[in-house]
Amino acid sequence: MAINPKKTPMREQSPKERIKNFDEVPLGYTPEEAMAEAKRCLQCKKPPCVKGCPVEIDIPGFINKIKEGNFKEAIRILKDKNSLPAICGRVCPQEDQCEKECVVGKKYEPVGIGRLERFAADWEAEQGLMEIPKIEKKTGKKVAVVGSGPAGLTCASELAKMGHQVVIFEALHKPGGVLVYGIPEFRLPKKIVEREVNYVKALGVKIICNFVVGKTKTVDELLEEFDAVFIGTGAGLPWFMNIPGENYTGIYSANEYLIRVNLMKAYLFPEYDTPIVRGKNVAVIGGGNVAMDAARTALRLGAEKSMIIYRRSKAEMPARIEEIERAEEEGVIFHFLTLPVRYYADENGRVKEMECIKMELGEPDHTGRRKPVPVPNSNFKIPVDIVVVAIGQSPNPLIPQTTKDIEIGKHGNIIVDEKTGKTTKKGVFAGGDIATGAATVILAMGAGKIAARAIDGYLKSGIW
Amino acid sequence: MAKILKKESLAPNIKKFIVEAPEIAKKAQPGQFVILRVDEKGERIPLTIGDFDRKKGTLTIIFQEVGKSTIHLGMLKEGEEIPDLVGPLGKPSEIEKFGTVCCIGGGVGTPEVYPVARALKEVDNYVISIIGARTKELVIMEKEMKEVSDELYITTDDGTYGMKGLVTDALKKILDSGKKIDRVIAVGPVIMMKAVSELTKNYNIKTIVSLNAMMLDGTGMCGICRVEIGGETKFACVDGPEFDGHLVNYNLLMARLKTYLEEEKISLKLFKEKMGIQ
């Protein structure tokens with residue numbers, strides 16, 4: 001039977017509809033659609049897709065089970081390597097990972113691995129099932145995991161499965177890290193995060209919220225109670241451009257804008273107490289996934305105009321293509337090769353206008369991308385009432401500042417051995433954005449997994 | 001979760017809670033704050049730690065009921081729990097022997113400056129304190145402040161108690177009497193901290209203020225608490241909340257505090273309707 005050259009399409013909310021709500025955009029596969037898509041998999045003997053997966057899921061294995069209609073077994077295979085499949089199926093950049101390596105993809109569209117992963121996880125949730133894998137004999141060892149984002153949740157669940165006692169410390173009032181405060185509801189419903197967090201708890205992991213490591217207790221104090229510590233505190237420090245007028249009201253960091261909407265549910269104000277300013281003309285500065293999230297959020301909050309202001313051209317944008325396309329479909333306006341240089345405010349200190357300068361691409365810089373350089377005398381103004389600065393963030397300095405003898409890199413990141421997640425401090429491991437700087441959910445999960453293995457080894461051997 | 005062990009009304013619309021929070025109490029230092037939420041749909045509000053008892057594992061928080069969240073908080077009863085309480089956040093006050101220090105508290109700034117005054121007294125500073133309030137019944141913590149101060153002055157705007165006038169009038173009087181003050185710590189409404197800073201600048205006295213910027217996470221993640229200190233942007237939650245009063249851009253702080261004025265009114269109105277209160 002010939003392979004269908006295209007992925008089985010997934011139904012989704014139309015752009016016109018979806019910008020009026022915060023519900024998820026793609027609606028998922030039916031069992032029939034999933035089985036049809038699973039048939040496209042060649043079941044390679046030496047599957048290159050697995051090599052593309054940071055957590056080494058047995059991809060042909062779980063797809064084969066979907067093909068057979070044995071969804072229960074499919075999710076078991078997935079969870080063997082990945083504790084958060086419903087999340088990964090949605091937010092992993094599969095086009096750069098598993099699907100990039102897919103053999104079908106050499107000629108046609110690759111197998112929709114992410115879509116199938118999502119299907120299996122959602123199917124399990126719909127059935128009300130939650131199978132708990134085998135947990136090894138209790139080792140009597142205790143591990144503290146700092147941060148309940150993707151790195152922390154993964155590391156904790158792996159360690160729990162190995163029989164260690166794990167406590168996660170979370171600074172916010174809800175677990176999930178960037179999955180709850182950063183990624184919007186329409187891309188990752190919070191119910192799904194909650195479910196995956198519950199799975200981690202069901203493995204025996206204890207989660208303590210409202211506990212700021214570095215303040216409530218330091219890492220050194222945790223080491224008095226625990227045999228090892230894993231730090232997965234992410235990249236929480238927002239960057240600003242330091243241009244005139246950037247502190248006027250109405251100018252948000254992407255973190256603030258998204259925390260208000262996602263964690264605090266400001267889109268449901270006044271039912272929820274936390275407010276947000278609903279602007280008419282919203283400008284989002286930056287070209288990454290966070291910028292796309294903010295621009296699409298602004299539309300859902302009723303913006304007449306939601307603009308992306310990016311200093312390079314479309315080709316250099318770091319956001320996933322899928323996210324850029326979705327933003328375009330929804331009506332986000334893109335101003336490429338444009339750099340903000342100053343803001344103007346009204347008499348109450350509220351931003352009303354931004355001055356930009358046009359850029360052109362020059363010689364390649366250290367990232368290999370052509371460096372944008374300003375075009376002289378090309379300044380122009382754009383009326384705005386909300387600005388969201390989404391130009392990146394760096395590791396949160398709280399733990400680096402309060403932990404003795406831990407080596408910190410020049411970007412504020414904790415230095416680790418990539419193969420083990422070991423820091424320079426005995427008994428302390430780290431992974432995810434705190435070590436790499438802002439990256440993806442799945443890379444953080446991969447790092448959490450690598451560290452869990454190394455922690456297990458350390459706890460068993462006692463050798464650092 | 002933090003259980004309310006004791007609730008007390010200090011003045012109209014000013015409440016005091018003693019809450020069970022052993023881990024925070026163990027680490028708390030003067031000048032730091034906590035963030036709390038009253039319920040599942042509540043906002044995160046920062047409140048300065050009024051006092052702490054490491055042995056008993058308790059914290060004191062004193063707050064004025066001004067908006068929906070603080071009014072709601074004030075409705076919680078003894079024995080009930082505050083669902084979310086996190087801290088201690090922010091940098092502690094600088095405590096060392098400066099010589100003669102003047103601790104100024106305006107309104108609910110008084111309980112905030114109290115642990116600072118006590119700590120300064122403990123390291124042998126000569127502590128002069130000034131408490132300011134609008135009127136007599138709003139003067140709080142007089143007894144406590146007296147215990148940790150070598151001299152205590154009270155001012156009321158309407159002259160119903162203590163000296164008639166503002167805290168700056170009292171401060172000016174002390175300074176003009178020839179007394180040498182080495183450091184001023186002022187905690188209260190922005191306008192008060194601004195006025196104190198303007199006055200002490202003329203006398204060249206180092207002045208520390210505690211900025212009540214809006215906050216969300218309180219750990220440096222969101223940047224809503226951006227303040228300008230000597231032209232540089234700082235985050236009040238992690239770089240402060242205390243800063244050199246002579247370097248603060250107060251107008252910016254005041255403008256930023258008004259960001260959600262309209263929304264705050266809506267929230268309060270709906271809440272009052274729901275609860276059937278005036």
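Note on naming: letters A, B, ... go to the chains in the order of the sequence lines (proteins, then strands), and numbering restarts at 1 for each one.
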Task: Proximity breakdown for B:Glu232 and chain A, heavy-atom pairs closer than 4.5 Å - done: neither
Task: Side-chain (A:Arg350) to main-chain (B:Thr259) donor-acceptor, under 3.5 angstrom - done: yes
TODO: Specify the closest pair of heavy atoms between B:Pro88 and A:Thr216, including all atoms of both residues, with the distance to one decimal.
DONE: CD-CA, 4.2 Å
Task: Top of B:Val238, B:Ile35, B:Leu85, B:Leu270 for chain A proximity - count of heavy-atom pairs under 4.5 angstrom - done: B:Leu85
- [ ] Report the distance from atom CD1 of A:Ile208 to atom CD of B:Glu23, rounding to the nearest 0.5 Å.
- [x] 7.0 Å
Open item on the list: Is the shortest side-chain heavy-atom distance between B:Asp217 and A:Tyr181 below 4.5 Å?
Closed with: no
Open item on the list: Could you walk me through whether A:Glu256 and B:Leu216 satisfy the side chain to side chain contact (heavy atoms under 4.5 Å, CB included) test, starting with their C-alpha distance in whole Å, then the side-chain angles of each, then the deciding distance to 0.1 Å, before giving a yes or no?
Closed with: CA-CA 8 Å; A:Glu256 185 196 343; B:Leu216 264 179; 3.8 Å; yes
Open item on the list: Looking at B:Arg256, is its backbone amide N or carbonyl O close enough to the side chain of A:Thr249 to form a donor-acceptor pair, meaning the two atoms are under 3.5 Å apart?
Closed with: no
Task: Heavy-atom side-chain contact between B:Arg37 and A:Met264 under 4.5 Å - done: yes
Open item on the list: How close do A:Ile276 and B:Glu263 get, counting heavy atoms only, and between which atoms?
Closed with: O-OE2, 4.0 Å
Task: B:Lys41 vs A:Leu268 side-chain heavy atoms within contact, under 4.5 Å - done: no
Task: Any donor-acceptor pair under 3.5 Å from A:Lys215 side chain to B:Ile24 backbone - done: no
Open item on the list: Between A:Gln401 and chain B, with a heavy-atom cut-off of 4.5 Å, which part of the residue counts as in contact: side chain, backbone, both or neither?
Closed with: neither
Task: Donor-acceptor contact below 3.5 Å, side chain A:Asn210 vs main chain B:Asp84 - done: no
Open item on the list: Taking the basic N atoms (NZ, or NE/NH1/NH2) and the acidic carboxylate oxygens, is any pair closer than 4.0 Å for A:Glu221 and B:Lys26?
Closed with: no
Task: Selection from B:Glu228, B:Arg44, B:Glu262 maximising heavy-atom pairs under 4.5 Å formed with chain A - done: B:Arg44
Open item on the list: Taking the side chain as everything from C-beta on, heavy atoms only, tell me whether B:Glu40 gets closer than 4.5 Å to A:Lys174.
Closed with: yes
